Enquirer: 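One structure is given below, represented as structure tokens, and several questions about it will come after.
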Amino acid sequence: MSLQAPRGTRDILAPDSARLRALVETFAGAAELAGYGQVVSPMFEQIEVFRRVGEATDIVSKEMYEFRDPGDRHLALRPELTASVARAFVQHRPPLPWKAWYEGPQFRYEKPQAGRFRQFNQVGAELFGSDDPQADVEVIALAWRFCTGLGLRELRLVVNSLGDRADREAYLAALAAYFERRADELSAQGRETLGRNPLRLLDSKRPEDLAVVAGAPVIDDCWSEAAADHFAAVLAGLESLGIPFQRNPRLVRGLDYYRRTAFELASDALDGAQDAVGGGGRYDGLVADLGGPEVPGVGFALGVDRLLLACDAEGSFPAPSGAADVFVVDVTGGGEATLLAEELRGAGIRVERAFDGRSMKAQMKAADRSGARWALLIGSDELAGGQVSLRRMRAHGATATGESVQRRIPRRDITAELACLLATEAAEGSTL
RNA sequence: UUGACCGUAGCUCAGUUGGUUAGAGCGCCGGGUUGUGGUCCCGGAGGUCGGGGGUUCAAAUCCCCUCGGUCAACCCA
């Protein structure tokens with residue numbers, strides 16, 4: 001194996017790629033139903049865009065693909081999309097509220113694992129320009145409705161509030177003081193984390209740390225009245241929609257720009273440490289950090305690859321069928337198949353055919369495998385008589401319909417005939 | 001970045017204490033009606049045993065390095 005896709009990346013081939021696209025289209029439908037329009041932003045940005053947003057986070061400090069272009073611009077492949085979208089907002093200042101959805105690959109230099117890649121796809125949505133808790137609710141509801149719409153049942157919504165900037169800092173101080181006091185009980189790695197960012201310690205999985213974390217101060221005590229009211233309103237909104245959630249006072253997200261609401265969606269169908277399918281929250285200072293006005297925002301992103309893993313685990317959201325409508329079998333050299341296929345495709349019919357002048361038997365086999373419901377046969381007899389043979393494939397109820405399995409029809413009628421047959425089938429299929 | 005396990009045909013895997021031309025199932029191709037698909041029968045193609053180096057008379061098998069995957073820590077989608 002000399003040449004292969006770089007570590008942590010992969011090729012997604014036919015049925016899987018169709019499934020990926022279907023998932024994105026489903027998301028687009030849900031988002032646009034809620035008034036979000038798509039934003040397509042560059043896959044790389046000036047490195048400053050990400051630096052300003054998360055200097056202290058691992059994602060920005062050690063996982064970015066940085067490079068200089070031939071013009072010596074210092075750039076980075078985007079490790080996340082919220083910063084890019086916020087930058088686009090600052091640059092274009094669309095009317096408020098601005099509601100945008102997005103989809104696409106992101107890049108982080110991490111050690112790959114199941115459900116964790118160096119290039120991975122996310123879908124997400126952001127709402128800029130409102131600090132109304134109902135905006136938080138709308139955003140969470142969109143994520144929830146989309147995920148449950150994929151057929152995911154074993155999904156857990158975890159929510160928390162990180163308070164306002166001052167609350168967050170007060171909490172950070174209280175947390176740091178607490179952990180310092182019990183530093184000798186922490187693991188060596190835990191003490192290291194404490195020096196960098198005490199918040200991170202809250203998601204440690206080492207047993208020694210867990211014991212200490214269990215007694216750590218809770219964010220609730222640091223909330224301002226406004227932040228507490230906001231969070232209460234968000235929870236009330238979720239309840240009014242019947243969206244089940246769990247409160248986790250120790251939920252902190254990986255990016256440091258979150259204020260007030262933070263949430264995460266995890267799947268119990270995924271085992272291992274990679275059970276989070278996505279998350280988001282409110283980031284009221286982000287736009288200002290990027291040089292824009294004090295505009296609040298709230299949003300989320302979902303990991304497409306993990307969503308699909310969760311769908312696999314729950315047996316939902318299968319890949320769309322790649323089956324052809326018609327397979328053209330031509331044993332007169334293949335030229336007729338070319339003409340017929342193009343004619344039928346021009347009429348919107350999904351057509352497959354064989355190449356290389358294979359035997360009729362081989363072509364019929366290929367027709368069977370293609371999943372086509374109908375086969376069009378062209379042999380020397382048909383060619384001479386200006387006809388084609390139309391055959392109902394066995395896997396698709398050839399005998400059940402009661403009609404003869406194969407009949408000859410004039411070549412010039414074939415497109416209209418097939419269009420009619422397929423339309424009838426579609427109508428029957430939709431009423432079943 | 002750290003540790004553990006793994007890497008044999010397109011796919012899923014066998015391969016006995018290192019020992020002759022490395023096997024199976026599925027898939028693929030051809031034949032079994034000189035114009036007809038599933039099943040069945042027969043035949044065939046396809047492998048630098050992830051790569052490199054070493055030990056040995058002899059390495060898929062043992063050792064080292066490396067690449068890739070998986071699991072955990074870390075981190076996160």
Side-chain angles (χ1 to χ4, degrees), chain A residues 1-10 13 54 57-63 79-82 103-124 143 147 187-190 192-193 196-197 199-209 252-255 264-267 270-280 300-310 327 329-332 354 356 358-383 389-396 398 405-406:
Chain A
M1 221 151 294
S2 45
L3 291 179
Q4 51 188 313
R7 181 162 208 207
T9 70
R10 67 246 157 92
L13 306 187
T57 65
D58 283 14
I59 293 176
V60 170
S61 64
K62 31 190 227 203
E63 296 178 4
E80 60 126 13
L81 263 158
T82 302
E103 112 352 83
Q106 277 139 92
F107 309 85
R108 293 182 195 169
Y109 189 79
E110 287 190 285
K111 192 157 170 178
Q113 227 170 85
R116 181 151 86 193
F117 305 95
R118 289 184 173 174
Q119 174 176 334
F120 60 99
N121 295 295
Q122 288 191 339
V123 294
C147 290
S187 66
Q189 245 182 336
E192 218 172 284
T193 309
R196 278 206 322 276
N197 186 349
L199 280 177
R200 289 271 79 79
L201 215 38
L202 293 178
D203 16 65
S204 168
K205 280 165 210 146
R206 289 174 299 270
E208 314 94 280
D209 298 345
V252 291
R253 305 267 314 141
L255 292 151
E264 203 163 88
L265 284 164
S267 169
L270 293 179
D271 39 43
Q274 271 72 244
D275 67 341
V277 296
F300 67 88
L302 301 169
V304 168
D305 314 287
R306 287 194 194 167
L307 279 171
L308 289 173
L309 283 176
F327 195 104
V329 173
D330 175 6
V331 289
T332 67
D356 303 312
R358 304 228 273 144
S359 70
M360 168 154 284
K361 177 170 176 161
Q363 292 193 48
M364 284 304 294
K365 263 183 146 170
D368 198 44
R369 268 197 307 266
S370 76
R373 284 162 304 214
W374 301 91
L376 280 178
L377 313 192
I378 306 161
S380 47
D381 294 358
E382 285 89 343
L383 195 57
S389 290
L390 174 62
R391 179 181 180 87
R392 181 73 182 173
M393 293 304 280
R394 198 151 54 210
H396 297 281
V405 177
Q406 186 169 330

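Chain letters run A, B, ... following the sequence lines, proteins first, then strands; residues in each count from 1. None of these values were measured; they are calculated from a predicted model.
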Enquirer: Side-chain N or O of A:Arg206 less than 4.0 angstrom from OP1 or OP2 on B:A72?
Expert: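 For A:Arg206, the contact criterion (side-chain N or O under 4.0 Å from OP1 or OP2 of B:A72) is not met.
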Enquirer: Using side chain to side chain contact (heavy atoms under 4.5 Å, CB included) as the criterion, point out the one residue from A:Leu307, A:Leu309, A:Val304, A:Leu308 that pairs with A:Val277.
Expert: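 So, applying the side chain to side chain contact (heavy atoms under 4.5 Å, CB included) to A:Val277 and each of A:Leu307, A:Leu309, A:Val304, A:Leu308, only A:Leu307 qualifies.
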Enquirer: Is the phosphate of B:U36, meaning OP1 or OP2, less than 4.0 Å from a side-chain N or O of A:Gln363?
Expert: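 No, outside the criterion.
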Enquirer: Can you tell me, in whole Å, how much space there is between the C1' of B:C13 and that of B:U1?
Expert: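 Pairwise C1' distance, B:C13 against B:U1, rounds to 34 Å.
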Enquirer: Looking at B:G69, B:C71, B:C76, which one has an atom nearest to any side-chain atom of A:Arg7?
Expert: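 That would be B:G69.
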Enquirer: Does a side-chain heavy-atom distance below 4.5 Å link A:Gln106 with A:Leu81?
Expert: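 Yes, at least one pair of side-chain atoms sits under 4.5 Å.
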Enquirer: By nearest nucleotide on RNA chain B, pick out whichever of A:Thr9 and A:Gln189 is the more 5' one.
Expert: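 Checking each residue's closest nucleotide, the 5'-ward one belongs to A:Thr9.
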Enquirer: Contact class for A:Gln106 vs. all strands (heavy atom < 4.0 Å): base, sugar-phosphate, or nothing?
Expert: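 Answer is nothing: A:Gln106 stays at 4.0 Å or more from every strand.
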Enquirer: What is the distance, rounded to the nearest whole Å, between atom CZ of A:Arg116 and atom P of B:A72?
Expert: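 It is 9 Å, rounded to the nearest whole Å.
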Enquirer: Assess whether a salt bridge exists between A:Asp305 and A:Arg10, defined as any Lys/Arg side-chain N lying under 4.0 Å from an Asp/Glu carboxylate O.
Expert: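 Judged by the 4.0 Å cut-off on N to carboxylate O distance, A:Asp305 and A:Arg10 do form a salt bridge.
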Enquirer: If we take the C1' atom in both B:A72 and B:U16, what is their distance in whole Å?
Expert: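 Between the two C1' atoms, the distance is 33 Å.
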Enquirer: Mind checking if A:Gly190 touches a base, just sugar-phosphate, or nothing, with heavy atoms under 4.0 Å?
Expert: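 Nothing, no heavy atom under 4.0 Å.
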Enquirer: Between B:C29, B:G3, B:U36, which nucleotide gets closest to the side-chain atoms of A:Gln406?
Expert: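 When the side chain of A:Gln406 is considered, B:U36 is the closest of B:C29, B:G3, B:U36.
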Enquirer: One thing to verify: whether A:Asp368 and A:Lys365 come together as a salt bridge, which I'm taking to mean a side-chain N less than 4.0 angstrom from a carboxylate O.
Expert: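 A:Asp368 and A:Lys365: not salt-bridged.
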Enquirer: Between A:Met364 and A:Met393, is there a side-chain heavy-atom distance shorter than 4.5 Å?
Expert: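 The answer is yes; the side chains approach within 4.5 Å.
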Enquirer: Quote, to the nearest angstrom, the P distance that separates B:G18 from B:G27.
Expert: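 Those two atoms are separated by 37 Å.
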Enquirer: Identify whether any heavy atom of A:Val277 sits under 4.0 Å from a base atom; if not, whether one sits that close to sugar-phosphate; answer base, sugar-phosphate or nothing.
Expert: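 Contact class for A:Val277: sugar-phosphate only.
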Enquirer: Separation of A:Leu201 atom CG from B:C74 atom C1', in whole Å?
Expert: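 Rounding to the nearest Å, CG of A:Leu201 and C1' of B:C74 are 12 Å apart.
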Enquirer: Output the single nucleotide from B:G38, B:G68, B:A72 whose closest atom is nearest the side chain of A:Gln4.
Expert: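 It is B:G68.
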Enquirer: With RNA chain B as reference, determine whether A:Lys361 or A:Gly379 sits nearer its 5' end, using the nearest nucleotide of each.
Expert: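 Closer to the 5' end of RNA chain B: A:Lys361.
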Enquirer: Does the side chain of A:Arg369 get closer than 4.0 angstrom to OP1 or OP2 of B:C28 through an N or O atom?
Expert: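 Answer yes for this pair, as a side-chain N or O of A:Arg369 is under 4.0 Å from OP1 or OP2.
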Enquirer: Considering only atom C1', compute the distance from B:A60 to B:C75 and round it to an integer number of Å.
Expert: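 About 37 Å, rounded to a whole number of Å.
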Enquirer: So, is A:Thr57 near the phosphate of B:C75, with a side-chain N or O under 4.0 Å from OP1 or OP2?
Expert: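 A:Thr57 to B:C75 OP1/OP2: no side-chain N or O under 4.0 Å.
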Enquirer: Can you confirm whether A:Ser267 sits close enough to A:Asp275 that some side-chain heavy atom of one is under 4.5 Å from a side-chain heavy atom of the other?
Expert: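 Answer no - side chains too far apart.
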Enquirer: Between B:A58 and B:U21, how far apart are the two P atoms, rounded to whole Å?
Expert: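 My reading of the P atoms in B:A58 and B:U21 gives 14 Å.
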Enquirer: Compare the minimum distances between each of B:U36, B:G31, B:A77 and the side chain of A:Ala276, then state the nucleotide with the smallest one.
Expert: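 Closest nucleotide among those given: B:A77.
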Enquirer: Nearest to the side chain of A:Ala362 - B:A72, B:G37, B:G30?
Expert: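 The nucleotide sitting nearest to the side chain is B:G30.
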Enquirer: If we call it a pair only when both distances are under 3.5 Å in a Watson-Crick or G-U wobble match, what pairs with B:G3?
Expert: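 The base-pairing partner of B:G3, which may sit in any strand shown, is B:C71.
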Enquirer: Would you mind reading off the distance between A:Phe107 atom CZ and B:C76 atom P, rounded to a whole angstrom?
Expert: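 Going from CZ in A:Phe107 over to P in B:C76 covers 19 Å.
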Enquirer: Between A:Phe120 and A:Arg108, is there a cation-pi geometry (under 6.0 Å to ring centre, at most 45° from the normal)?
Expert: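 Because its charged atom misses either the 6.0 Å distance or the 45° angle limit, A:Arg108 does not stack over A:Phe120.
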Enquirer: When we call it a touch if two heavy atoms are under 4.0 Å apart, what does A:Asn121 touch: a base, just sugar-phosphate, or nothing?
Expert: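 Touches nothing.
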Enquirer: Please report the distance separating the C1' of B:G47 from the corresponding atom of B:U70, rounded so that it comes out in whole Å.
Expert: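 Straight-line distance between the two C1' atoms is 24 Å.
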Enquirer: Under 4.0 angstrom, heavy atoms only, what part of the nucleic acid is A:Leu377 near: base, sugar-phosphate, or nothing?
Expert: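 A:Leu377: base contact, heavy atoms under 4.0 Å.
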Enquirer: Could you tell me the separation between the CG atom of A:Asp356 and the P atom of B:G30, rounded to a whole number of Å?
Expert: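 Rounding to the nearest Å, CG of A:Asp356 and P of B:G30 are 10 Å apart.
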Enquirer: If you measure from the C1' atom in B:C49 to the same atom in B:A24, how many Å do you get, rounded?
Expert: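 Taking atom C1' in both B:C49 and B:A24, they lie 16 Å apart.
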Enquirer: Can you tell me how far C1' of B:U36 sits from CD of A:Glu382, to the nearest Å?
Expert: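 Going from A:Glu382 (CD) to B:U36 (C1'), I get 11 Å.
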Enquirer: What's the closest nucleotide to the A:Lys111 side chain, out of B:G35, B:G3, B:C76?
Expert: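 When the side chain of A:Lys111 is considered, B:G3 is the closest of B:G35, B:G3, B:C76.
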Enquirer: Looking at B:C71, B:G37, B:A77, which one has an atom nearest to any side-chain atom of A:Ala114?
Expert: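 Looking only at side-chain atoms, A:Ala114 lies closest to B:C71.
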Enquirer: Roughly, in whole Å, what's the span from CG in A:Leu383 to P in B:G35?
Expert: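 Spelled out: CG on A:Leu383 to P on B:G35 is 15 Å.
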Enquirer: Compare the minimum distances between each of B:A77, B:G69, B:G30 and the side chain of A:Arg358, then state the nucleotide with the smallest one.
Expert: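 When the side chain of A:Arg358 is considered, B:G30 is the closest of B:A77, B:G69, B:G30.
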Enquirer: In this structure, how many angstroms lie between the C1' atom of B:G68 and the CZ atom of A:Arg10, rounded?
Expert: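 It is 15 Å, rounded to the nearest whole Å.
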Enquirer: When the C1' atoms of B:G19 and B:U56 are compared, how many Å lie between them, rounded to an integer?
Expert: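 About 12 Å, rounded to a whole number of Å.
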Enquirer: Just do the side-chain contact (heavy atoms from CB on, under 4.5 Å) check on A:Leu201 and A:Glu192 with the steps written out, would you?
Expert: CA-CA 9 Å; A:Leu201 215 38; A:Glu192 218 172 284; over 6 Å; no
Enquirer: In whole angstrom, give the distance that lies between atom CG of A:Leu376 and atom C1' of B:U36.
Expert: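 Nearest whole value for this atom pair: 14 Å.
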